[in-house]
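These numbers were taken from a predicted model, which means no experiment stands behind them. In what follows, chains carry the letters A, B, and so on, assigned in the order in which the sequence lines appear, proteins first and then strands, with residues in each chain numbered from 1. Below, all heavy atoms of this structure are taken into account, side chains as well, without hydrogens, waters or symmetry copies.
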There are 2 protein chains.
Amino acid sequence: MPPLDISTISQLGDAIRREPRQIIPSSPCSACSVRHAASYASLTSDDHAHILSIASTRDVNRGQMLFIEGDPAEFLYTVVRGTFQMYKLLPDGRRQITGFLFPGDFLGLADDDVYAYSAEAVTDAALYRYRFKEMGALLTRYPKMENRLLTIASHELAEAQEQMLLLGRKTATEKVASFLLAFAERAAQRGEGRDVLFIPMTRHAIADYLGTTTETVSRTLSRFRHDGLISSPGNNQIEILDRDALCRISE
Amino acid sequence: MPPLDISTISQLGDAIRREPRQIIPSSPCSACSVRHAASYASLTSDDHAHILSIASTRDVNRGQMLFIEGDPAEFLYTVVRGTFQMYKLLPDGRRQITGFLFPGDFLGLADDDVYAYSAEAVTDAALYRYRFKEMGALLTRYPKMENRLLTIASHELAEAQEQMLLLGRKTATEKVASFLLAFAERAAQRGEGRDVLFIPMTRHAIADYLGTTTETVSRTLSRFRHDGLISSPGNNQIEILDRDALCRISE
DNA sequence: CGTGAAGTTGAGTATGCTCAACGGTGGTGG
DNA sequence: CCACCACCGTTGAGCATACTCAACTTCACG
């Protein structure tokens with residue numbers, strides 16, 4: 001990591017200044033379509049400096065918890081580097097991963113002043129964090145920022161609903177195909193290749209995200225591989241060979 | 001419905017002026033605990049009048065669509081009377097209901113300027129609606145309102161994650177028990193009885209909400225009835241007889 | 001009172017889970 | 001540096017939960 005720098009420090013600032021990106025879906029299936037939260041706000045460099053003034057950094061190691069469900073919500077985070085998983089647990093240990101987070105993503109939106117889920121680093125990672133107390137004043141000063149947060153929350157809500165559709169109504173095969181396509185889209189958004197995917201999370205995590213089991217995920221990927229839909233060029237890597245077929249499978 | 005009246009017209013205004021309500025969960029299980037979005041904003045009656053000026057009413061009949069997934073998002077709604085269901089469909093017709101809405105609830109938060117889900121009236125219903133275009137100016141003038149919307153969105157996000165846990169990791173029995181408890185809490189919040197529930201939606205809708213089938217919902221309720229956990233005092237009514245047992249079952 | 005939708009119950013079955021074994025990989029400590 | 005160990009991933013076999021199909025009852029509404 002370079003030292004704090006005005007061009008990289010504030011993902012929140014970046015999010016505000018970022019122009020909407022147009023990505024044309026390569027096929028019409030719903031799992032492939034990408035929705036972008038448009039951003040129309042802008043900040044003067046003075047404003048930007050103000051935002052930087054309340055940001056601090058935090059590094060976490062692979063496997064480390066960022067916060068735990070029920071903790072008092074003190075910070076809002078943005079991911080700078082690495083991958084995170086958010087999850088909720090049942091008393092007997094069953095786990096539902098509610099989302100994976102990549103650089104540029106926010107986490108920490110709280111309900112009733114406590115975190116509604118736990119957040120764990122999937123890889124070594126770095127974040128910027130903003131103390132909610134200090135953000136209050138900032139949001140009053142920059143109303144556009146609050147609007148931006150609302151846009152982000154709305155976007156996450158739409159994603160959550162899409163995931164409910166997957167969890168409640170899709171078969172195991174459809175779930176895995178949907179996951180691959182969604183993951184590919186996210187990779188493309190981050191400027192990585194859309195076809196050769198680096199998958200940082202374990203099969204177990206994927207299963208807990210899709211509401212299925214490690215064995216089923218593994219079997220399904222093997223079948224896709226056998227059918228020529230994907231290949232595994234390296235470890236933790238999946239190459240998408242037949243996107244259209246995966247789209248058809250994902251419904 | 002009485003004619004438009006400043007004390008009832010604006011659920012949005014109500015939401016802003018509403019004081020946080022304290023409800024002590026009668027037992028400690030997570031399905032029973034209620035989270036409340038606190039509201040600290042207030043408006044002068046002048047401001048309130050301004051809000052009213054952009055609100056209009058809409059009545060819908062049972063079964064009627066309010067909007068459909070993919071429609072350009074023109075209005076934000078608040079429910080005044082009746083019940084709604086939000087849902088998403090797969091191409092082959094499989095349906096996932098992502099939530100039920102009752103008086104006081106918002107609907108219409110959009111992603112990418114289109115509705116992310118369809119909304120249908122479960123009963124005859126009435127709403128107030130606010131044109132997004134006009135709300136822009138209003139939000140600029142009343143930043144607290146944007147904050148309020150953000151709080152609401154965060155709350156909905158937490159609920160969506162809870163539902164993902166249910167859909168992905170709970171058994172059919174746990175799902176139905178969780179539904180009954182959550183429904184009872186919502187009824188209590190609306191000032192209705194917590195033990196005798198009026199269930200306006202069909203078994204089919206409940207099944208599509210819980211990611212299961214009508215038959216399974218029906219069988220599970222019959223078993224609960226047989227085991228003395230609930231009873232059916234009337235049509236579309238369920239009485240909760242043993243809340244603690246339901247809590248234990250729901251995990 | 002008739003009709004269609006909603007709800008209930010039963011029987012059989014399939015999808016996907018559980019349990020189990022084994023090979024591979026990466027991290028750690030002797 | 002290498003050996004060990006724990007975790008991850010893969011594959012197989014058997015089984016259980018919940019789905020499908022079906023029949024029948026009840027209810028709402030004209």
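Residue B/N235 places at least one side-chain N or O closer than 4.0 Å to OP1 or OP2 of D/dA28. In this structure, A/T216 reaches the C/dC17 phosphate: one of its side-chain N or O atoms is under 4.0 Å from OP1 or OP2. One finds no side-chain N or O of B/T171 lying less than 4.0 angstrom from the OP1 or OP2 phosphate oxygen of D/dT17. Dashed line: the shortest gap from a side-chain N or O of B/S222 to OP1 or OP2 of C/dT8 is not under 4.0 Å. For D/dC19, the OP1/OP2 oxygens have a side-chain nitrogen or oxygen of B/T213 closer than 4.0 Å.
In this structure, A/Y87 has its ring center at least 6.0 angstrom away from the ring center of A/Y117. Between A/Y209 and A/F100, a ring centre-to-centre spacing shorter than 6.0 Å is recorded. In this structure, B/F75 has its ring center no closer than 6.0 Å to that of B/Y128.
Summary of the strand contacts: A/R169 and A/M201 both lie near DNA chain D, and taking for each the nucleotide with the nearest heavy atom, the more 5' one is attributed to A/M201.
The CD atom of B/E215 sits 16 Å away from the P atom of D/dC24 (whole-angstrom rounding). D/dA18 atom P lies 18 Å from atom CZ of B/R94, rounded to whole Å. Rounded to whole Å, atom P of C/dG24 lies 16 Å from atom CZ of A/R203. What separates CD of A/Q237 from C1' of D/dC8 is a distance of 17 Å, to the nearest Å. Rounded to a whole Å, the NZ atom of B/K170 is 18 Å from the P atom of C/dC17. Rounded to whole Å, the distance from NE2 on B/H204 to P on C/dG7 is 10 Å. Summarising the geometry, the separation between CD1 on B/I199 and P on C/dG7 is reported as 11 Å, rounded to the nearest angstrom. Regarding A/R62, its CZ atom lies at a distance of 9 Å from the P atom of C/dT28, rounded to whole Å.
Here the nucleotide nearest the side chain of B/T202, chosen from C/dA6, C/dC17, C/dT8, is C/dA6.
When atom types are taken as modelled, the side chain of A/S178 and the backbone of A/E174 share a donor-acceptor pair closer than 3.5 angstrom.
For B/R219 and D/dT17, a side-chain-to-base donor-acceptor distance below 3.5 Å is absent, hydrogens and geometry of angles not being considered.
Among the heavy atoms of the strands lying under 4.0 Å from A/R225 are primed sugar atoms or P, OP1, OP2 only; no base atom is included.
Rounded to the nearest 0.5 Å, atoms OH (B/Y77) and CG (B/L107) are 8.0 Å apart.
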